[in-house]
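No hydrogens, no waters, no symmetry mates; every other heavy atom, side chains included, goes into these values. Chain identifiers are assigned alphabetically (A, B, ...) following the order of the sequence lines, protein sequences preceding nucleic acid strands; residue numbering begins at 1 within each chain.
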Protein chains: 2
Amino acid sequence: MVLGTRLSPIASVPRVVLCERCPIRRHGVCDQVDPHDFERMASDGPRVRNLAAGSVLFGEGDAFDRVFTLQAGWALTSKLFEDGHRQIIRFVLPGDLIGFEGSEATGMAYGAEAITAVRLCGMEHSMFFKECSCSPRFAMNYAEAVTREAMLAWNHVGALGQQSARGRVANLLVELHQRVRAIEGGDDPAVWLPINQTHIADATGMTPVHVCRTLKRMRQEGLLEFSKGRLVLIDPGRLAAVA
Amino acid sequence: MVLGTRLSPIASVPRVVLCERCPIRRHGVCDQVDPHDFERMASDGPRVRNLAAGSVLFGEGDAFDRVFTLQAGWALTSKLFEDGHRQIIRFVLPGDLIGFEGSEATGMAYGAEAITAVRLCGMEHSMFFKECSCSPRFAMNYAEAVTREAMLAWNHVGALGQQSARGRVANLLVELHQRVRAIEGGDDPAVWLPINQTHIADATGMTPVHVCRTLKRMRQEGLLEFSKGRLVLIDPGRLAAVA
DNA sequence: CGATATTTTGACATGGATCAAGTCTAGTGG
DNA sequence: CCACTAGACTTGATCCATGTCAAAATATCG
């Protein structure tokens, strides 16, 4: 099958852990579900895992048994289609929850894999839900995190449904820029995204070829620069209008 | 693609119909947030509202101040674009939560309006969250409801990103069919959806013209029938394959 | 029964997909 | 240090699914 080129690009992003160029970093605070809670509760076993870039965290249909917070690195969740195409559902950044996208009945609705090397802190669902049912605050934090994810997903729906290729690419890059900013602070106009054009294609529902052309045009128009993971929003105002 | 993975399992909900052609119906139970709780808590004022078809429940950017359960009728949430197009984000069916799609900071992320006449049971956010923080079960139910919405949204993302017009239409109609079934029970192959081709177009990101052509073709191929809101899935197997 | 929305049909335009090379880059091994 | 290689990125030529515009047919409703 033609899967090869579409599925493996990640494997080549495998820059090693904890280097300055790559976005692997420690994370002290997690505003989604308090990691202190999370780590305390996960105390009945070794629950922090380090995984290499390209690792599969879970596959579509796997048992729905564990939730994680991503402490470091980037991951993605995606759905695979028979024709070999995949849709990237969301990019998972440090501090985000992952593993709640399933149900007891049907297992995980989507697969997840590490884009860079990652560090995960995970716990059994049974325990997670038990904790939720004991602690309203914890459950509320969880609900808020999921609401945030849902809002991102709805934005994505809007972009995919109504926008041109330009708009979808702009939308995605601006969103990622904002999320990275929110995590890292600072205001260097350049941010580092460990993704390539194939990721953008799979997230926006375009072909890599057309992503390339679209980026080229945006570059020529002075909207942004994106090369080897370095993203600079040159004209945020005009970009926002496009998005 | 396996149908099961595309369509989130919606736990079966209540029953009881009020008028035969129109989907307005009484609702005894709500598995998302227990309406008994909901109504009890909303006791400090008249909180059940009846609204006519076409009413605006809230607009994009409105204050984020109230959540509702939809007791009867259909509603939709949508995002409007400058060019006049709109993206329907989700269809809200009896038993669903509505009004949690926003944040204190930015207000409601999307607008909502009634498709049919609706009955809403609503309460202030402040009270809703207070109740959540006192009752883990309530908070958990809320979290589960939100998770279900997020999964529907992700399905929608996958459909919009990777599927042809046929696939998107099939996807939407099959999903709605299942949701209605889950609510109404029974197994009449025909279900009543109070939507028209324009709704389908706005939800799938197509033009009404092309929706029409697509439906015509599917009808000719013996896949389904959809006319004046009456939907019959003639060949669910093949439809699932298309979707 | 006229007025207004919805659905259907046709002719034509176009954004993006597809196919096919070619170039550039970062690893790898000698 | 260089040659080799496999991905990733570019570019060009061509095709087709879907959008756009226009108008007729049909349903809905006061």
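In this structure, CG on B/Leu172 lies 7.0 Å from OG1 on B/Thr204, to the nearest 0.5 angstrom.
B/Asn196 has its CG atom 14 Å from the C1' atom of C/dT4, to the nearest Å. What separates NE2 of A/His210 from P of D/dA13 is a distance of 16 Å, to the nearest Å. Here the C1' atom of nucleotide C/dG16 and the CD atom of B/Gln163 are 18 Å apart, to the nearest Å. In this structure, B/Arg168 places its CZ atom 7 Å from P of D/dT18, rounding to the nearest Å. Rounded to an integer number of Å, the gap from CZ of A/Arg213 to C1' of D/dT14 is 11 Å. Protein atom CG of A/Leu215 is 13 Å distant from nucleotide atom P of C/dG16, rounded to whole Å. What separates CD of A/Glu225 from C1' of D/dC9 is a distance of 16 Å, to the nearest Å. Atom CD1 of B/Ile200 is separated from atom P of D/dT18 by 15 Å (rounded to the nearest Å).
Residues B/Pro94 and B/Ile183 form a side-chain contact, since some pair of their non-hydrogen atoms from C-beta on lies under 4.5 Å apart.
We find that B/Asp96 and B/Arg179 are joined by a salt bridge, their nearest charged nitrogen and carboxylate oxygen being less than 4.0 Å apart. Taking 4.0 Å as the cut-off between side-chain N and carboxylate O, A/Glu221 and A/Lys216 do not count as a salt-bridged pair. Using a 4.0 Å cut-off between charged nitrogen and carboxylate oxygen, A/Arg219 and A/Glu225 do not count as a salt-bridge pair.
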Check the pair B/Leu51 / B/Val56 against side-chain contact (heavy atoms from CB on, under 4.5 Å), numbers first and verdict last. CA-CA 9 Å; B/Leu51 292 171; B/Val56 171; over 6 Å; no
Output, in order, the C-alpha distance, side-chain angles, deciding distance and verdict of side chain to side chain donor-acceptor pair (under 3.5 Å) for A/Glu175 and A/Asn155. CA-CA 10 Å; A/Glu175 177 202 312; A/Asn155 258 328; over 6 Å; no
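Checked against the 6.0 Å centroid criterion, the rings of B/Trp192 and B/Phe226 do not qualify as a close aromatic pair.
In terms of phosphate contacts, A/Arg217 brings no side-chain nitrogen or oxygen within less than 4.0 Å of OP1 or OP2 of D/dT10. Taking side-chain N and O atoms only, A/Arg219 has a distance below 4.0 Å to OP1 or OP2 of D/dT10. Remark: B/Gln197 is not in phosphate contact with C/dA5, judged by side-chain N or O atoms under 4.0 Å from OP1 or OP2. Contact annotation: A/Lys216 does not reach the phosphate of D/dT10 (side-chain N/O to OP1 or OP2, under 4.0 Å).
Comparing atom distances between the B/Val209 side chain and each of C/dG16, D/dT18, C/dT9 picks out C/dT9 as nearest. The listed nucleotides are D/dA8, D/dT11, C/dT7; the one nearest the side chain of A/Cys212 is D/dT11. Distances were taken from every side-chain heavy atom of A/His85 (C-beta onward) to each of D/dC9, C/dG16, C/dT18; the shortest belongs to C/dT18.
Counting non-hydrogen atoms under 4.0 angstrom, A/Thr214 reaches nothing in the nucleic acid. The residue B/Gly229 sits apart from the nucleic acid: no heavy atom pair falls under 4.0 Å.
If you run side chain to side chain donor-acceptor pair (under 3.5 Å) between B/Asp202 and each of B/Arg86, B/Gln87, B/His85, only B/Arg86 comes through.
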Grab the N/O contacts between the protein and nucleotides 23-26 of chain C below 3.5 Å, and write none if there aren't any.
none

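An angle of 50°, rounded to 10°, separates the two end axes of the helix from C/dC1-D/dG30 to C/dG30-D/dC1, each defined over five pairs.
The heavy-atom pair separating B/Thr214 from B/Arg166 by the smallest distance is CG2-CA, 3.8 Å.
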